[in-house]
Amino acid sequence: VVNAIGVLGLGGLIGTVMLGLGTTPPDRVQGELVRLIYIHPPLAWTTYVAFAVSAFFAALFLWKGNPKYDRVSAASAEVGVVFCALTLVTGSIWGRPTWGVWWTWDARLTSTALLLALFAGYLALRRSIVDPAARAKRSAILALIAVADIPLVHFSVKLWRTLHQQPTLLRPDPQIAGVQAWTLVLGFMSMTLVYVWLAARRSRLEGLEQTAEVRSLEAALAVR
Amino acid sequence: MAYVIAGYAVTIAGLALYAARIVLRTRRLAPMPANQEDSR
């Protein structure tokens with residue numbers, strides 16, 4: 001099932017690239033730069049999903065104490081960091097020709113950078129604690145704190161006067177239609193499927209890493 | 001159009017490299033069949 005999701009995600013991503021770079025027309029105002037809309041918002045959406053899933057499984061871990069939930073939470077957080085970094089990079093690439101700068105301390109950009117820093121901190125915290133039980137508990141608490149930044153990121157364009165544009169699709173009167181809308185929807189769906197595949201694979205790897213960690217610790221103790 | 005191509009290239013390369021890292025590390029850590037234990 002996981003591999004089928006991966007193949008679907010990859011196929012969707014190829015379709016998004018072909019439609020985004022080829023079939024869809026340039027925009028009247030943004031020209032060719034509008035083509036970045038087919039990957040940048042889907043990357044941002046997937047960042048939200050990844051960190052929300054991480055926090056959900058962190059809460060489940062704190063409630064039930066099952067280490068499997070901790071592994072899923074950690075895996076989803078790491079995948080989310082990758083998506084969040086790509087969101088910032090693609091946004092920056094769009095911002096340079098549109099706003100004239102690679103970066104500005106706009107509310108949306110700053111709150112997204114804070115989100116990346118919080119979950120990068122989560123990953124750093126996991127690496128800094130040796131005891132698996134303490135690591136799982138403390139990182140779960142941090143995930144629950146860090147996820148509170150997501151509503152701030154999403155509503156920042158409404159709460160403050162920002163350079164960043166308002167939502168395009170997720171509003172009562174979507175500002176996009178036709179092949180452009182469908183390409184954007186395909187982008188959202190395929191990025192989500194790619195996330196599911198990456199998170200599932202990373203979760204399995206997390207289990208293997210934890211097993212290897214226990215084995216190496218036992219080997220070190222046996223030598224002493 | 002150069003900015004657009006750069007955006008797509010960074011995204012695809014980033015995701016592909018991360019996926020490759022996961023797959024390769026999983027292969028390195030995954031338990032091998034018993035008859036291959038010695039060659040590892």
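Quick note: numbers below take in every heavy atom, side chains included, and nothing from hydrogens, waters or symmetry partners. So that the names make sense, note that chain A is the first sequence line, chain B the second, and so on, each numbered from 1. Nothing here was measured: the structure is a model prediction, and the numbers come from that model.
- In terms of heavy atoms, B:Leu29 sits closest to A:Ala212 at CD2-CB, 4.1 Å.
- Chain B forms more heavy-atom pairs under 4.5 Å with one residue of A:Thr87, A:Leu21, A:Val34 than with any other, namely A:Leu21.
- Looking at A:Arg204, the atoms closer than 4.5 Å to chain B (heavy atoms on both sides) all sit in the side chain, from C-beta outward.
- Closest non-hydrogen pair, B:Tyr3 versus A:Leu33, comes out as CB-CD2, 4.0 Å.
- Residues A:Arg35 and B:Tyr8 share a closest heavy-atom pair of O-OH, 2.7 Å.
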Passes salt bridge (charged side-chain N to carboxylate O under 4.0 Å, His left out), A:Glu78 versus B:Arg21? Steps please.
CA-CA 12 Å; A:Glu78 191 187 277; B:Arg21 181 181 175 274; 3.8 Å; yes
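- If you measure heavy-atom distances from A:Trp197 to chain B, the contacts under 4.5 Å come from the side chain alone.
- With a 4.5 Å cut-off on side-chain heavy atoms, A:Met191 and B:Thr11 count as touching.
- Put simply, CD1 on B:Ile22 and CZ on A:Arg201 are 9.0 Å apart, with the number rounded to the nearest 0.5 Å.
- Using a 4.5 Å cut-off between heavy atoms, B:Ile12 touches chain A through its side chain atoms alone.
- In terms of heavy-atom pairs under 4.5 angstrom with chain B, the leader among A:Val17, A:Thr211, A:Thr90 is A:Val17.
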Show, in sequence, the C-alpha distance, side-chain angles and deciding distance for B:Val4 and A:Ile93, and conclude whether the side-chain contact (heavy atoms from CB on, under 4.5 Å) test is met.
CA-CA 8 Å; B:Val4 175; A:Ile93 289 171; over 6 Å; no
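- For chain B, the option among A:Val79, A:Thr16, A:Leu43 with the highest count of heavy-atom pairs below 4.5 Å is A:Val79.
- The shortest non-hydrogen separation linking A:Leu86 to B:Gly14 is CD2-CA, 4.4 Å.
- Other residues, nucleotides and ligands place more than 12 heavy atoms under 6.0 Å from the CE atom of B:Met1.
- Summarising the local packing, CH2 of A:Trp182 is surrounded by 12 or fewer heavy atoms from other residues, nucleotides or ligands at distances under 6.0 Å.
- Under the side chain to side chain contact (heavy atoms under 4.5 Å, CB included) test applied with A:Leu205, the options B:Leu24, B:Val23, B:Thr26 reduce to a single match, B:Thr26.
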